[in-house]
Amino acid sequence: MNAVADTSALRHVIVVGGTVADWAAMLAEQWSGRLGELGKVADSVGASWLTMRPYEGEGADAPLERTVGVGDCLVCAHPEADGRSRVAAAVNALQADGQPVTEATIAARLNAPAEADPDLVVILGSSHRLPPSLVWELAYSELVFIDVSWADLTAEHLDQAISSYARRNRRFGGVND
């Protein structure tokens with residue numbers, strides 16, 4: 001693991017890849033290995049949360065949500081692949097709870113259990129298309145595309161994405177002179 005540049009601002013990482021069917025085909029021990037392997041990379045750079053989502057797909061055989069702690073990083077695999085449905089469900093839940101529907105409350109619902117918007121979104125596959133599983137999360141996040149399939153994803157791929165993130169000059173809307 002060689003993410004050596006500045007990752008001090010990296011709190012929440014999202015990895016998007018595979019389909020719901022790909023996820024459902026994984027065995028419990030494969031999930032355990034994948035979550036642990038990727039969680040070690042996220043934890044090693046100080047990220048508090050690593051969230052995984054499928055790129056797309058739906059089905060009655062959707063896999064279970066999985067959450068595991070790896071060091072100080074909470075790793076969550078959420079199988080919901082429809083970002084629009086997640087936003088609508090967040091708004092409905094806020095209304096049902098009598099809470100105000102604001103950008104902050106919607107973000108808190110969508111990011112939970114993470115307590116921060118994603119700093120980095122790693123998208124597996126080609127860079128010509130954004131994942132429909134993420135609608136909200138793409139607004140303020142750095143994007144790194146890795147042309148690798150879900151089945152071939154390794155800790156080294158995540159480490160490379162984090163290294164790419166760390167080398168970037170983030171201006172947060174500012175312009176250089």
Side-chain angles (χ1 to χ4, degrees), residues 7-26 28 31-32 34-36 38-43 45-125 129-145 150 158 161-162 165 170-174:
T7 58
S8 61
L10 188 60
R11 300 163 298 163
H12 184 191
V13 177
I14 294 181
V15 174
V16 183
T19 64
V20 171
D22 295 335
W23 281 38
M26 289 180 66
W31 272 110
S32 179
R34 173 76 48 99
L35 297 176
L38 298 178
K40 284 179 188 175
V41 173
D43 183 58
V45 297
S48 298
W49 304 280
L50 171 62
T51 303
M52 294 190 288
R53 295 205 180 277
Y55 191 95
E56 63 189 350
E58 56 186 57
D61 296 334
L64 299 174
E65 184 171 306
R66 298 170 187 276
T67 301
V68 64
V70 178
D72 292 327
C73 184
L74 186 63
V75 182
C76 303
H78 298 287
E80 175 58 61
D82 185 343
R84 293 171 298 184
S85 293
R86 288 188 314 102
V87 171
V91 169
N92 289 338
L94 289 168
Q95 290 173 332
D97 292 347
Q99 295 181 7
V101 177
T102 66
E103 182 178 344
T105 58
I106 293 170
R109 288 279 175 150
L110 291 175
N111 291 326
E115 297 171 3
D117 286 329
D119 302 296
L120 170 62
V121 176
V122 179
I123 302 168
L124 306 183
R129 185 170 162 245
L130 294 174
S133 60
L134 298 181
V135 174
W136 190 275
E137 295 89 336
L138 297 174
Y140 303 110
S141 304
E142 292 283 327
L143 304 178
V144 173
F145 292 86
W150 173 250
L158 181 58
I162 290 171
Y165 165 87
R170 290 175 295 287
R171 298 183 311 253
F172 304 101

Any idea which heavy atoms bring [X] and [Y] closest together, and the distance?
| X | Y | answer |
| --- | --- | --- |
| V20 | G57 | CG2-O, 3.3 Å |
| A42 | L158 | N-CD2, 4.4 Å |
| R86 | L110 | O-CD2, 3.5 Å |
| P100 | T105 | O-OG1, 2.8 Å |
| P54 | V16 | O-CG1, 3.8 Å |
| P113 | W49 | O-NE1, 3.7 Å |

Report summary line: The salt bridge (Lys or Arg N to Asp or Glu O under 4.0 Å) partners of D97 (sequence neighbours excluded) come to R109

Tell me whether [X] contacts the main-chain N or O of [Y] through its side chain, where contact means a donor paired with an acceptor under 3.5 Å.
| X | Y | value |
| --- | --- | --- |
| N111 | A114 | no |
| W23 | R53 | no |
| T19 | E56 | no |
| H12 | D119 | no |

What is the distance from atom [atom1] of [X] to atom [atom2] of [Y], rounded to the nearest 0.5 Å?
| X | Y | atom1 | atom2 | answer |
| --- | --- | --- | --- | --- |
| L124 | F145 | CG | CZ | 10.5 Å |
| Q99 | I106 | CD | CD1 | 11.5 Å |
| I123 | L134 | CD1 | CG | 7.0 Å |
| D43 | L50 | CG | CG | 10.5 Å |

**Report entry** Residues I14, M52; criterion side chain to side chain contact (heavy atoms under 4.5 Å, CB included); working and verdict
**Finding:** CA-CA 6 Å; I14 294 181; M52 294 190 288; over 6 Å; no

Query raised in the report: Are side-chain heavy atoms of V13 and V41 found at a separation under 4.5 Å?
Result: no

Query raised in the report: Which residues pass the side chain to side chain donor-acceptor pair (under 3.5 Å) test with R34, sequence neighbours left out?
Result: none

Report summary line: residues 66-80 vs side-chain hydrogen bond (donor to acceptor under 3.5 Å, both in side chains), sequence neighbours excluded, gives E65-H78

Report task. Show your reasoning for whether side chain to side chain contact (heavy atoms under 4.5 Å, CB included) applies to L120 and L10. Result -> CA-CA 7 Å; L120 170 62; L10 188 60; 3.8 Å; yes

Query raised in the report: Hey, what's the ring geometry for W31 with W150, parallel, tilted or perpendicular (30° and 60° as the breaks)?
Result: tilted

